[in-house]
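Down below is the structure, laid out as structure tokens.
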Amino acid sequence: CVYGDHRAGRRMEHHADGNHKIKEHLRRPSRFIQLQRVYDSLQNSTIYNMCTQRYPHDYSQQLYEKYKEAFEEYINSTVLSSLREKHNEFMLRELVKRWENHKVMVRWLSRFFHYLDRYFIARKSLPSLNEVGLTCFCDLIDQEREGEQIDRALLKNVLGIFVEIGMGEMEFYENDFEDAMLKDTAAYYSRKASNWIVEDSCPDYMLKAEECLKKEKDRVSHYLHSSSETKLLEKVQNELLVVYTNQLLEKEQGCRALLRDDKVEDLSRMYRLFHRIPKGLEPVANMFKQHVTEGMVLVQQAEDSESNKAESSSGSQEQVFVRKVIELLDKYMAYVTDSFANNSLFHKVLKEAFEVFCNNFFAGCSSAELLASYCDNILKKGGSEKLSDDAIEETLDKVVKCLAFISDKDLFAAFYRKKLSRRLLFDKSANDDHERLILTKLKQQYGGQFTSKMEGMVRRVYSTTNFIFPPFKLSCQHLLFEITKQVTDLTLAKENQSHFQEYLSNNSAANPGIDLTVRVLTTGFWPSYKSSDLSLPVEMVKCVEVFKEFYQTKTKHRKLTWIYSLDTCNINGKFESKTIELIVGTYQAAALLLFNASDRLSYSDIKSQLNLADDDLIRLLQSLSCAKYKILTKEPSNRTVSSTDHFEFNSKFTDRMRRIRIPLPFVDERKKVVEDVDKDRRYAIDACIVRIMKSRKVLPHQQLVLECVEQLSRMFKPDFKAIKKRIEDLITRDYLERDKENPNLFKYLA
């Protein structure tokens, strides 16, 4: 009688047994209220007795569960079946009637079970009876979420009513259905997530979360209004992902483990899930950055532990280190591309991690120098990196990408240019196409100014100019030297060869009698080299004078500076056992030729005749008397050269080879290169400051420094102190002046 079609007590008379007294009582409101109170009292007494007994006679939990079951059973068996039988207007009427009846039932039963609602539910923190009753009417969606089959068409038609009665507005749909549905969705997935986060691993949890989002999206397309999609997915994402972000990523099988184990598919799923959430990718990106940093530190630690061991067959430890860094970059870039959809945030954190690592020192060398050496090893003949043409091209491309993380790009350019010059000067370049290829890549990445000098070097390399003459021989008591001199020259045009040959053929007296190769370098393109006032032997002086005379016939406005430190000479020396061809430098050749006229020479004698500095003289005498090939004998016989030593030609020297190369001891040019770069940086800072002030006229100190750093950071990161020092220098040179009232304000002086 309570749950039937009766919205008020007066309607109960239609279902009564005809008793006139009952009808009369019900027609009187006061009598109805009295009857209602009596019935309420009886029900409350019964509920009270069932809920206040001690266990096992306390039926509070059973009553609460039966309460919910009663609603669910009636909705499934009576309400839904009656709605399916109606259509159009009749369905709308039936829906309204059933909803009103449902609210009556909730109101009455909540009163009957008042004690249960007031004490048991409050103590157990359960949903109230009123909430349970109303929620049951909306539980069809939750049933489908649990895998049960529901009538989607019926649900769509019912929800369509809310939209249609709004006459184009969504007020009824949002207020009467959507708000409750979203609240119920949040509660449903909150319960699910709290269980999954404990029971499942990170990959399994993400699989379930992705499947839930997919099903909710599918649910919208089948019976919910399209306007609910964004709100619904936000609710699901919040409960499944936002609430448990840290707990999920920090799991044992979480983000770090996925990165460590190369779980590309799971990482891709993680990205798809968290990129939907505002700032959801930030914790993932931070963990990725931490993983990259840890990986590179492990590489450096492994290389440091091997630094004292012998070099491996694949190359020096420095080469192996750079190769591993490039491999790491390739690996992590694949993560960014494949798993993280080229997201700019992951590009940023990868760049930050590699910048920190790549701007450190390894084995006392900067990363810029190591990268230049690695390129040199790839591009020169006889390098340890034996790669195919395609592999070389791919590796050079990775080198250029790796260079982007190095702050001191100008330092890389200086070291690379130094090594490029040696490859070109000594014909050590393995392939001209590869030389041009890397310059093209560098130019595309960093602009034409970065590669202009290097391009000038490569562009001006021509085939070697060779001149063959009868060998010039000198005899002495102990040995016979046959001299073949090569003076390096890289910018002499090809036509100069025929012109020089014509010059020599027309001037037979000018023939130096020595095979001569001359290369002229343009000072602006090539690195600076140490020049000296070496006193050449007569034979070599003639070569120099002949070429000077020829060059003056071509131009009289250029000055030739001879770089003897880059020359090579082939000398045939007759020893007691056999004649051996010695490949030496000009300094070494000049020193050996002194022994054609003297049997024994002191250190001071050699120094005065060659006019060399002590450092250069000690190096060349060590190479001839203390190294592997002892062409000269020294007194006293030790491995160091001093100013009191005496030297003699070693006529007993022999070797199984008929041609040997005697190199000079290695000179570390790193310090000089760094000094040259620092000098160039001073000029760059000066030019940048003047350029900024010329356009702005007046600037405060802090803004001038910041703009200067911003413009120069593409090539190097200038130190604030260096900028301040250059500003002071420009003030003394009258390019700038301080404002008289504000000393932190600078003015440009035209």
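Just so it is clear, the model here is predicted, and its values are computed rather than measured.
- To the nearest 0.5 Å, atoms OG (Ser565) and CG (Asp616) are separated by 8.5 Å.
- Salt bridge annotation for Glu669-Arg422: present, with a cationic side-chain nitrogen under 4.0 angstrom from a carboxylate oxygen.
- A salt bridge links Glu265 to Arg269: at least one charged side-chain nitrogen sits closer than 4.0 Å to a carboxylate oxygen.
- To the nearest 0.5 angstrom, Lys398 atom NZ is 8.5 Å from Tyr374 atom OH.
- In this structure, CG in Leu621 is found 9.5 Å from NZ in Lys634, a value given to the nearest 0.5 Å.
- With Gln588 contributing its side chain and Gly585 its backbone, the two residues share a donor-acceptor pair below 3.5 Å.
- No more than 12 heavy-atom neighbours from other residues, nucleotides or ligands sit within 6.0 angstrom of NZ on Lys443.
- Counting only distance, with no hydrogens or angles, the side chain of Arg726 and the backbone of Ile685 share no donor-acceptor pair below 3.5 Å.
- The distance from the OG1 atom of Thr337 to the CG atom of Asn343 is 11.5 Å, given to the nearest 0.5 Å.
- Within a 6.0 Å sphere centred on CG of Asp533, heavy atoms belonging to other residues, nucleotides or ligands number 12 at most.
- Taking all atoms of both residues into account, the shortest heavy-atom contact from Val325 to Cys402 is CG1-SG, 4.2 Å.
- Considering NZ of Lys289 and NZ of Lys348, their distance stands at 8.5 Å, rounded to 0.5 Å.
- Sparse packing is recorded around CZ of Arg661, with 12 or fewer heavy atoms of other residues, nucleotides or ligands lying under 6.0 Å away.
- No more than 12 heavy atoms of other residues, nucleotides or ligands shown are found within 6.0 angstrom of NZ on Lys428.
- At a threshold of 4.0 Å, the pair Arg658-Glu581 does not count as salt-bridged, since none of the basic side-chain nitrogens sits closer than that to a carboxylate oxygen.
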I would like to know whether Arg639 and Gln622 meet side chain to side chain donor-acceptor pair (under 3.5 Å); could you show each step before the answer? CA-CA 8 Å; Arg639 299 190 65 83; Gln622 278 184 333; over 6 Å; no
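- Side-chain N/O atoms of Tyr603 and Asp614 include a donor and acceptor closer than 3.5 Å.
- Side-chain atoms of Ser367 come within 3.5 Å of backbone atoms of Cys358 as a donor-acceptor pair (strictly under, hydrogens ignored).
- Rounded to the nearest 0.5 angstrom, Asp680 CG and Glu675 CD are separated by 12.0 Å.
- For the pair Ser388 (side chain) and Ala391 (backbone), a donor-acceptor distance under 3.5 Å is present.
- When every heavy atom of Ser625 is checked against every heavy atom of Phe647, the shortest pair comes out as OG-CE2, 3.7 Å.
- Tyr629 does not carry Arg656 over the face of its six-membered ring by the limits of under 6.0 Å from the centre and within 45° of the normal.
- For the residue pair Asp376 and Ser373, no side-chain donor N or O sits within less than 3.5 Å of a side-chain acceptor on the partner.
- Under the 4.0 Å criterion applied to side-chain N and carboxylate O atoms, Asp410 and Arg714 are not assigned as salt-bridge partners.
- Heavy atoms only, all atoms of each residue included: Glu355 and Asn359 are closest at O-ND2, 2.5 Å.
- Shown here is Lys263, whose NZ atom has no more than 12 heavy atoms of other residues, nucleotides or ligands within 6.0 Å.
- The aromatic ring centroids of Phe288 and Phe340 lie less than 6.0 Å from each other.
- Of the candidates Lys381, Arg423, Glu435, Ser429 forms a side-chain hydrogen bond (donor to acceptor under 3.5 Å, both in side chains) with just one, namely Glu435.
- Remark: side-chain polar atoms of His275 are paired, donor with acceptor, to backbone N or O of Arg272 under 3.5 angstrom.
- The environment of CZ in Arg733 is crowded: more than 12 heavy-atom neighbours from other residues, nucleotides or ligands sit within 6.0 Å.
- A salt bridge (charged side-chain N to carboxylate O under 4.0 Å, His left out) with Arg681 holds for exactly one of Asp719, Asp676, Asp408, Asp686; it is Asp408.
- Contact check on Arg696 versus Glu707 returns a salt bridge, with a Lys/Arg side-chain nitrogen under 4.0 Å from an Asp/Glu carboxylate oxygen.
- For the pair Glu250 and Arg256, the salt-bridge criterion is met [side-chain N within less than 4.0 Å of a carboxylate O].
- Counting heavy-atom neighbours within 6.0 Å of Lys694 NZ, excluding the residue itself, gives a total of 12 or less.
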